Amino acid sequence: MQITAFPTNLELQSLNWQQKLRILASLFAAIAVQITNINQDRQTKYLLSEAIRIIDCCRVSIPNSLTLELSAIQKEWLAWKNLFPVEAARSFMSFHARNQSVRFLHMTEILPEFA
């Protein structure tokens with residue numbers, strides 16, 4: 001799976017916060033798939049960088065009730081990006097990225113909280 005282009009910061013400004021979080025949900029789903037493949041480490045690192053950048057753009061318009069959680073997610077994934085690759089953590093990181101993807105969908109209220 002090769003993913004190369006994501007919205008620029010300027011393009012992200014034109015989206016509402018739900019659209020931005022849906023992009024993040026998709027991005028974290030892609031990270032969940034890629035992160036277990038050693039041959040895709042460069043692409044995974046790129047995806048992690050993009051996720052961190054997009055989260056930064058989201059914080060401008062996101063409801064206050066979600067700001068703290070989104071900041072914590074960004075901080076956590078920045079730490080993972082700086083440590084990556086950690087062979088022993090690949091499965092956990094994949095599982096966690098998938099859960100984050102679902103969490104972003106919950107934030108946008110596409111999925112009910114306990115779906």
Side-chain angles (χ1 to χ4, degrees):
M1 174 196 295
Q2 289 295 325
I3 301 170
T4 56
F6 290 97
T8 65
N9 289 357
L10 187 58
E11 292 167 334
L12 285 168
Q13 289 177 8
S14 69
L15 302 176
N16 66 38
W17 67 271
Q18 292 98 336
Q19 291 168 317
K20 292 173 188 176
L21 291 182
R22 288 179 195 129
I23 290 169
L24 281 170
S26 176
L27 183 52
F28 275 91
I31 290 169
V33 171
Q34 295 261 144
I35 211 160
T36 58
N37 186 344
I38 292 171
N39 297 324
Q40 295 296 321
D41 282 355
R42 186 170 173 213
Q43 182 72 10
T44 299
K45 196 113 173 167
Y46 169 72
L47 294 176
L48 290 168
S49 295
E50 285 298 291
I52 292 161
R53 179 185 65 84
I54 292 171
I55 289 172
D56 215 34
C57 291
C58 287
R59 289 192 284 177
V60 173
S61 60
I62 195 166
N64 288 337
S65 61
L66 302 177
T67 303
L68 186 60
E69 183 176 0
L70 198 60
S71 293
I73 290 168
Q74 182 185 37
K75 183 178 180 180
E76 177 184 10
W77 284 99
L78 180 59
W80 279 116
K81 179 186 162 275
N82 291 335
L83 292 173
F84 188 77
V86 178
E87 296 307 316
R90 283 185 191 273
S91 293
F92 170 76
M93 290 174 73
S94 176
F95 175 77
H96 191 51
R98 176 65 63 192
N99 285 340
Q100 291 297 329
S101 175
V102 170
R103 180 62 190 133
F104 288 125
L105 293 176
H106 288 195
M107 287 177 174
T108 66
E109 299 177 356
I110 282 181
L111 291 177
E113 187 67 30
F114 298 102

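Hydrogens, waters and symmetry mates play no part in the numbers below; they use all other heavy atoms, side chains included. Remember, predicted model here, so these are calculated numbers, not experimental data.
Residue-environment remark: CG (L68) stays at or below the threshold of 12 foreign heavy atoms within 6.0 Å.
In plain terms, the two heavy atoms of I52 and L78 that are nearest each other are CD1-CA, 3.5 Å. Of all non-hydrogen atoms in A97 and I31, the two that sit nearest each other are CB-CG2, 3.9 Å. Of all non-hydrogen atoms in S101 and A25, the two that sit nearest each other are OG-O, 2.6 Å. Of all non-hydrogen atoms in E11 and T8, the two that sit nearest each other are OE1-N, 2.8 Å.
At least one side-chain heavy atom of I62 sits under 4.5 Å from a side-chain heavy atom of L21. Two residues are said to be in side-chain contact when any heavy atoms from C-beta on lie closer than 4.5 Å; I73 and M107 meet this criterion. With a 4.5 Å cut-off on side-chain heavy atoms, N64 and T67 count as touching. Side chains of L27 and F104 form no contact here, defined as non-hydrogen atoms less than 4.5 Å apart.
Side-chain atoms of Q43 do not come within 3.5 Å of backbone N or O of Q40 as any donor-acceptor pair. Using a distance-only test at 3.5 Å, with no hydrogens or angles considered, a donor-acceptor pair links the side chain of K45 to the main chain of K81. Side chain of E69 to main chain of L66: no donor-acceptor pair is present (N/O by atom type, distance under 3.5 Å, no hydrogens or angles).
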_Pair L47, E50 - check side-chain contact (heavy atoms from CB on, under 4.5 Å), show working._
CA-CA 5 Å; L47 294 176; E50 285 298 291; 5.6 Å; no
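Note that CZ of F6 is 7.0 Å distant from OG of S26, once rounded to the nearest 0.5 Å. Interatomic distance, CG of L24 versus CD of Q19, reported as 12.5 Å (0.5 Å rounding). Rounded to the nearest 0.5 angstrom, I55 CD1 and C58 SG are separated by 7.0 Å. Summarising the geometry, atom CD belonging to Q74 is positioned 7.0 Å from atom CG belonging to L70; distances are rounded to the nearest 0.5 Å. Between the CZ atom of F28 and the CD1 atom of I35 there is a distance of 9.5 Å, given to the nearest 0.5 Å.
Just one of D41, T44, N37 meets the side-chain hydrogen bond (donor to acceptor under 3.5 Å, both in side chains) condition when paired with R90; it is D41. The one candidate from Q13, Q18, K20 that meets the side-chain hydrogen bond (donor to acceptor under 3.5 Å, both in side chains) condition with S61 is K20.
Below 30°, between 30° and 60°, or above 60°: for W77 and H96 the angle between ring planes is below 30°, a parallel geometry.
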